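Here's the structure, in structure tokens; my notes come after.
Values in this document were obtained by computation on a predicted structure and should not be read as measured data. First listed ligand is number 1; within each ligand, the first listed atom is number 1.
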Amino acid sequence: MAFDYDLFVIGGGSGGVRAARVAAATGAKVALAEEYRMGGTCVIRGCVPKKLMVFASGYSEMFDDARAYGWDVTEGSFDWPKFRGHLHKELDRLEGIYRKLLDGSGVAIFDARAALKDPHTVVLNDGREVSAKHILVATGGRPVMPDISGAELGITSNDIFNLDDMPRSILIIGGGYIASEFAGILNGLGVKVTQFYRGAQILRGFDGEARGLIAEGMREKGVDLHLGTNIVEMRAATDADMSDAMGTPMEGGKPATVASGGSGSGIWVKASNGIERVFDQVMFATGRAANTDGMGLEQAGVEVGRRGEIVVDEYSQTKVPSVYAIGDVTNRVQLTPVAIREGMAFVETVFKGNPTPVDHDLIPSAVFTQPEFGTIGLSEEDAREVEPVEIYCSSFKPMNHAFAGRSDRVMMKLVVSKATRKVLGCHIVADHAGEMIQLAGIAVKMGATKEDFDRTVAVHPTVAEELVTMKEPVRTA
Ligand code: FAD
């Protein structure tokens, strides 16, 4: 049977764009449908705009630092509309690059929503039908709002980059990396940030000591973090709520409750710990769901899991042999470089005749909280469950912050197998921890032992030198 295309990719995000380009480079006839903006979550409303906001927010502490280092600077104020304009120009530029790359690779672009009609046919929302030998679903995910009354008054990470005004106060609900990163960003931009997380500590799943230090650092910088706390009720604030809020005593130099300017424009919230407050904005970062609704997947025979994710094997193939899925929609590891690798492994398998499973083991990653976190491998808690380990850990004030009179501490930690001496986990809380873990990650991925780390001469004076100078374990477990 003759198909219109060898490959039809649904979704122009990190995974879809890479797979389409690399497949086209093999000589395959490829098409891609994107319903919103080319570049997907990472470029338009994820990694890229978020990191630019991390950079923007970091300047607030630098005025004090600069003065400590002898500079005569006066504090300015943050101009959100100016930054937002610049940000969106940059995102437009990046989107243009993605589109050009696809065009240049000979990929046919459909600016439309697509769904499956059958294992070889895609239907576009303008009614067109296109056939393909292979279909790759790379539709990513979206934030989900909790099912509580009044939730529609809140926003998600999707909305944060488009706000008309910076709120004076915000309540962020959630304890994952997105919630915690935005708590730091907005706090740095001068917003009074309160964060509620229903669990006992933020950043579930990561190393316990690192989580503790990050939470402490966030609090020291001004985030009002409440653990074991959830929202039980929310509604538009009334005039009475607003006047109550205005009368609330000051806490740490900022009003403990900040009402928004106009009557009725704030959001009144009641928490499980009894706190009642009015916030300018409430942001939910309580989880993400795979974009599989209304995609015709089940009808085409594709298995969808309990959380809406597409079920695939190690080659990203679904139960339907012609249909593959990669990236966040499969809910394996939700990171851009992983979606890209899955896309490339798919092309290797299907278009280059070289079956390539995706290696999801020992993936380094960064959390751009303030303080920043870089991590690879097993946390101390997880490693202990597997085998006896030695823990090497050092926490100190780095010289740049000590000189500036800041209280920020860094932490360098290695989790080492007692039996093999291999470094099973490396966890860094420090400025530029993301950059450091990319490099330390190579050693860990190669199976380096603690002695390999020790054989490496320190780079002095740096924070990272601590990784090769920790002589004695702080404990065994
Ligand atoms: P996506 O990039 O989400 O792309 C899917 C695309 O499919 C979207 O453009 C969507 O519009 C389109 N689409 C959906 N349904 C259809 C349809 N039916 N028809 C046509 N098109 C459709 N990862 C990191 O590695 N580092 C980070 O620092 C980081 N920060 C993040 C911060 C935030 C706030 C968020 C939300 C995510 C972050 N991520 C980060 C995760 C990263 O963005 C995702 O893992 C990555 O974008 C997944 O790529 P993908 O190709 O699977 O999906």
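Ligand-side atoms of ligand 1 in range of P337: 25 (O), range being under 4.0 angstrom from any heavy atom. Annotation for ligand 1: atoms under 4.0 Å from non-hydrogen atoms of A138 are 5 (C), 6 (C), 7 (O). With ligand atoms numbered from 1 in the order given, ligand 1 contributes 41 (C), 45 (O) to contacts under 4.0 Å with heavy atoms of Q334. In the vicinity of I10, heavy-atom distances shorter than 4.0 Å reach the ligand 1 atoms 17 (C), 19 (N), 20 (C). Using a 4.0 Å cut-off to heavy atoms of G40, the atoms of ligand 1 that qualify are 2 (O), 4 (O), 8 (C), 9 (O).
For the pair K133 and F3, the cation-pi test (distance below 6.0 Å, angle within 45°) is failed.
Closest heavy-atom approach to atom 13 (N) of ligand 1 within the set E35, E342, M295, R18: this belongs to E35. For atom 39 (N) of ligand 1, the choice among Y98, Y177, Y36 with the nearest heavy atom turns out to be Y177. Heavy-atom proximity to atom 47 (O) of ligand 1, evaluated over C42, G327, G16, is greatest for C42.
The nearest heavy-atom contact from the protein to atom 51 (O) of ligand 1 is G15 N, 2.9 Å. Closest to atom 19 (N) of ligand 1, if we only count protein heavy atoms, is A114 N, 3.0 Å. Among all protein heavy atoms, the one lying closest to atom 7 (O) of ligand 1 is G11 CA, 3.2 Å. Distance from atom 1 (P) of ligand 1 to its nearest protein heavy atom, with residue and atom name: T41 OG1, 3.5 Å. Among protein heavy atoms, atom 27 (C) of ligand 1 sits closest to K50 NZ, 3.4 Å. Here the heavy atom of the protein found nearest to atom 4 (O) of ligand 1 is G13 CA, 3.3 Å. Ranking the protein heavy atoms by distance from atom 26 (N) of ligand 1 puts C47 SG, 3.8 Å first. Atom 52 (O) of ligand 1 has its closest protein heavy atom at D328 N, 2.9 Å.
Contact annotation for K51 and ligand 1: no heavy atom of the residue comes within less than 4.0 Å of the ligand. At a heavy-atom distance under 4.0 Å, atoms from both the backbone and the side chain of T336 approach ligand 1. Residue-level proximity to ligand 1 for R288 is carried by the side chain, the only part with a heavy atom below 4.0 angstrom. Contacts with ligand 1 closer than 4.0 Å are made by heavy atoms of both the backbone and the side chain of R113. Proximity of A112 to ligand 1, defined as any heavy-atom pair under 4.0 Å, is confined to the backbone N, CA, C and O atoms.
Applying the 6.0 Å contact sphere to OH of Y59 captures no more than 12 heavy atoms from other residues, nucleotides or ligands. Counting heavy-atom neighbours within 6.0 Å of Q438 CD, excluding the residue itself, gives a total of 12 or less. Residue R406 places its CZ atom among more than 12 non-hydrogen atoms of other residues, nucleotides or ligands, all under 6.0 Å distant.
The minimum heavy-atom distance linking L163 with R84 is given by the pair O-NH1, 2.6 Å. Nearest heavy atoms, L136 versus A325: CD1-N, 4.0 Å. In this structure, G228 and S272 approach most closely via the heavy-atom pair O-OG, 4.1 Å. The two atoms that bring I173 and V282 nearest to each other are CD1-CG1, 3.9 Å, heavy atoms only. Listed here is the closest heavy atom pair of Y5 and V30: CD2-C, 3.8 Å. Nearest approach of A215 to Q201, heavy atoms of both residues: CB-OE1, 3.3 Å.
Look at A115 and you'll find every heavy atom at least 4.0 Å from all atoms of ligand 1.
In this structure, H427 contributes its side chain and L378 its backbone to a donor-acceptor pair below 3.5 Å. The closest donor-acceptor contact from the side chain of T121 to the backbone of K117 lies at 3.5 Å or more, if one exists at all. Although no hydrogens or angles enter the test, the distance criterion places a donor-acceptor pair under 3.5 Å between the side chain of D118 and the main chain of H120.
In this structure, the ring of F83 has its center less than 6.0 angstrom from the ring center of F78. For Y177 and F206, the distance between ring centers is not under 6.0 angstrom.
Donor-acceptor pairing under 3.5 Å is recorded for the side chains of E466 and S394.
Partner I170 forms a side chain to side chain contact (heavy atoms under 4.5 Å, CB included) with one of K192, Q195, Q281 and no other, that one being Q281.
Remark: ligand 1 and E34 share an N or O pair separated by less than 3.5 Å (distance only, no angle test). At under 3.5 Å, not a single nitrogen or oxygen of S157, backbone or side chain, sits near a nitrogen or oxygen of ligand 1. An N or O contact shorter than 3.5 Å is missing between R45 and ligand 1 by distance. Any N or O atom pair closer than 3.5 Å counts here, and G46 shares no such pair with ligand 1. Distances between N or O atoms of N291 and those of ligand 1 include no value under 3.5 Å. Considering both main-chain and side-chain atoms, L335 comes within under 3.5 Å of ligand 1 through a nitrogen or oxygen pair. Checked by distance only, ligand 1 and A339 stay at 3.5 Å or farther apart across all their nitrogen or oxygen atoms.
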